[in-house]
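Each remark here refers to the structure printed beneath this line.
Below, read A as the first sequence line, B as the second, and so on, with proteins coming before strands; counting in each chain starts at 1.
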There are 2 protein chains.
Amino acid sequence: MAESAQLTGPGDPERSGSPAGRRRATILDVAAAAGVSRQTVTRAVNDMPGISAETRQRVLEAATALAYRPSRFGRGLVTGGDPQLGLVVSDLRNPYSPELAAAVVRRAADEGWSVSLVDIGLAGSADRLLRSLQAQVDVVVGYLGEWALGWERRSGATPLILLDAGEGSEHPGVNLDPAAAIEDLAAHLVAVGTRRPVVLDASAPHETSGRGLAMMAALERRGLAPELVHASASTPEHASAVAAQVIRRAARPDAILAFNDLMALGVLSACRHAGLHVPDDIRVAGVDGLTIGTLVAPTLTTLAVDFDEVARHTLELAVALGDGDTDAGLQRVVSHRLVLRESA
Amino acid sequence: MAESAQLTGPGDPERSGSPAGRRRATILDVAAAAGVSRQTVTRAVNDMPGISAETRQRVLEAATALAYRPSRFGRGLVTGGDPQLGLVVSDLRNPYSPELAAAVVRRAADEGWSVSLVDIGLAGSADRLLRSLQAQVDVVVGYLGEWALGWERRSGATPLILLDAGEGSEHPGVNLDPAAAIEDLAAHLVAVGTRRPVVLDASAPHETSGRGLAMMAALERRGLAPELVHASASTPEHASAVAAQVIRRAARPDAILAFNDLMALGVLSACRHAGLHVPDDIRVAGVDGLTIGTLVAPTLTTLAVDFDEVARHTLELAVALGDGDTDAGLQRVVSHRLVLRESA
DNA sequence: CTGAAAGCGCTTACAG
DNA sequence: CTGAAAGCGCTTACAG
């Protein structure tokens, strides 16, 4: 019985590699130990019918004794395995990433996909991470910000879906469109009597973001003369510093539209330290719709992204690309939505 | 040339299964299309030496034409593949989860592990998710809260590491110990003149949490007579409601120690709506050390968890269990640390 | 520089 | 209820 397992079995400790000096037990080792064939081990381990209770137990005991765990590769090769999604974000510490990831993970679970999460933010090893990820998943989804460009080229054979890659991209992916929500926000601000709005953009002075331009235009279209200021980076700290300057002026603004929620939080902080009441003295709004905006006081008015819808489109694209479709409908758009809360 | 591929090749559309009606191309299909052997395809696809430039290009073109992507199972079976961690959390929307996940993902990347993320919070499918995850990873890490108990039993063959499973657990894992940090917080509050502290615990009235008990004891030990109140759930909303009642009393508390940061945020919100200034009128502290506490105004004093250290221990345990070690040192402890910010 | 052989660990028919 | 055979898709030696 089980002769072949005898030949290559654990009685041969040299042919190892693992730190423990002992190679992992295979189905053949268990079969040998229990005195049955490998098929019987499969039946026992996978709770399949057609095996006696005694045999099952004997096999299970042998498996436990040998710390046997089926190889996911061996099994996957024959069963096909669950499809796997690789989700790459540029910085998991940015609250945007986990909210996106949460939505994708949920949707993926519903569709029977697993998702591997990778944070590319750590410098240096980006290429290695990508290679390793591509070898493990069926489709890569990237929410990459500035990293996106390089990746479009490197993507190689594994299909790549880009999230919010910007207007220029022709890559399959999901793009965000804040235009309508910005109009709604401008209309709201005008309706409540805003006179001197400021748009706090993120990018460098000479390259105002599309989002910032749209905010300016929407306000101007309603007869206001908004001022445009820039933070050197889209962090709460930078935003707070700029806001602190702006609200110290004689002609104090009565509204600040921030590039995103994180920056809006920085603005709120600056207002508090300046002794200003939000929204009575000044109104503040952000973009993204992060959960964090509901946890602060005052709660943050924002242009929210429907992450669940982004996730829905993402999985649809993943399924299509995974099946080898390279055809139409591979670019989706999700619109922001105005969510009025306390801050504006 | 490539006879065998011809026999089972794509010229046989019936034997399919995929929605597109065409099975995925294998290395043999590419070999046939390029008129070479499968080894040559391997060399071209994997950028290996020992192949002429022309051949490489021809193979690559054939691969592209057939949308060939190597099977991760076929490859993994022979190369072994990267080790894979399955991280299961009870709710990704709770800011604690992503911070933990971020730390684990980073540490894992450093160690060459991939991590698959699963949110068990969605009712019903928990068992299916577990099965599917166990089949895909080498080690499962669970940050499960109340779910932990059931899982210890179900864990089956795949090693399971439990995070913050509580004092009762003898399972391999990383536990958190706030005791020392609670002492530091109590000492600080006394030093700045706190007289009437309130401990805002999460659990039901009849079962005060260990954390809440420790807070009470630490304050009492310093001559104070803290009051203990409970929120029915550890959400900002519930905490806010309870806090609103407490601070309305005649003998208003001058400090509230919340069960965690999220609840502390709710307390901050209640204070703001009541017109109280933090920390001048009342001090507020939480537990966890979430990033969100640095983004609110006032910034939140907290007992912080060093997520990076939790992640470090977790990976060490994962490596040990993955190698089949079942010995000593499989329980680790990480202590909280007092982080003084504006709110206290 | 290229190819024929062997084998990674498992499951799925098929015989008994 | 149990086992012998075939094969999933790939890479790693080994020959030429």
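- Residue B:T40 is the one, among A:P70 and B:T40, whose nearest nucleotide of DNA chain C lies closer to the 5' end (criterion: closest heavy atom).
- The CZ-C1' distance, from A:R69 to C:dC8, rounds to 17 Å in whole Å.
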Under 3.5 Å, which N/O atoms of the protein pair with N/O atoms of nucleotides 4-7 of chain C?
from: C:dA4; atom 1: N7; to: B:Q39; atom 2: NE2; distance (Å): 2.1
from: C:dA4; atom 1: N6; to: B:Q39; atom 2: NE2; distance (Å): 2.3
from: C:dA5; atom 1: N6; to: B:Q39; atom 2: NE2; distance (Å): 3.3

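- In this structure, A:E316 CD and A:R107 CZ are separated by 7.5 Å, a value rounded to the nearest 0.5 Å.
- Under the 3.5 Å distance criterion, the side-chain polar atoms of B:T314 are matched with a main-chain donor or acceptor of B:V310.
- Contact annotation: B:T26 side-chain N/O to D:dG9 OP1/OP2 distance is not under 4.0 Å.
- Within a heavy-atom distance below 4.0 Å of DNA chain D, the residues of residues 47-59 of chain A found are A:G50, A:I51, A:S52, A:T55.
- Between the CG atom of A:L77 and the C1' atom of D:dT11 there is a distance of 12 Å, rounded to whole Å.
- Note that CG of B:L87 and OH of B:Y143 are 11.5 Å apart. Values are rounded to the nearest 0.5 Å.
- Between the CG atom of A:L85 and the CG atom of A:D82 there is a distance of 12.5 Å, given to the nearest 0.5 Å.
- Taking atom CG of residue B:D138 and atom P of nucleotide C:dG9, one finds them 14 Å apart after rounding to whole Å.
- Checking D:dT2, D:dT11, C:dG3 against every side-chain atom of B:T79, the shortest atom distance belongs to D:dT11.
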Inset, instruction - Check step by step if side-chain hydrogen bond (donor to acceptor under 3.5 Å, both in side chains) holds for B:S114 and A:Q136. - result: CA-CA 9 Å; B:S114 304; A:Q136 311 219 338; 3.0 Å; yes

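- Counting any heavy atom pair closer than 4.0 Å across all strands shown, A:T42 reaches a base atom.
- Residue B:L28 contributes atom CG, which lies 9 Å from atom P of D:dC8 at whole-angstrom precision.
- When side chains are defined from C-beta on, B:V118 does not count as touching B:V140, because their heavy atoms never get closer than 4.5 Å.
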Inset, instruction - Carefully, step by step, assess B:D119 and B:D91 under the rule side-chain contact (heavy atoms from CB on, under 4.5 Å). - result: CA-CA 6 Å; B:D119 187 337; B:D91 181 12; 4.1 Å; yes

Inset, instruction - Start with the C-alpha gap between B:E54 and B:S52, add the side-chain angles, then the distance that decides, and say whether side-chain hydrogen bond (donor to acceptor under 3.5 Å, both in side chains) holds. - result: CA-CA 5 Å; B:E54 311 167 53; B:S52 76; 5.0 Å; no

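- For C:dG9, the OP1/OP2 oxygens have no side-chain nitrogen or oxygen of A:R75 closer than 4.0 Å.
- When the C1' atom of D:dG9 is taken as reference, atom CZ of B:F73 falls 11 Å away, rounded to whole Å.
- A donor-acceptor pair is defined here as one N or O able to donate and one able to accept, closer than 3.5 Å; no such pair exists between the side chain of B:S116 and the backbone of B:G86.
- With hydrogens and angles disregarded, a donor-acceptor distance shorter than 3.5 Å links the side chain of B:R69 to the backbone of A:D138.
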Legend entry - Secondary-structure string, 5' to 3', Watson-Crick or G-U under 3.5 Å, | for another-strand partners, for DNA chain C: |||.||||||||.|||

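- Although no hydrogens or angles enter the test, the distance criterion places no donor-acceptor pair under 3.5 Å between the side chain of B:H171 and the main chain of B:I161.
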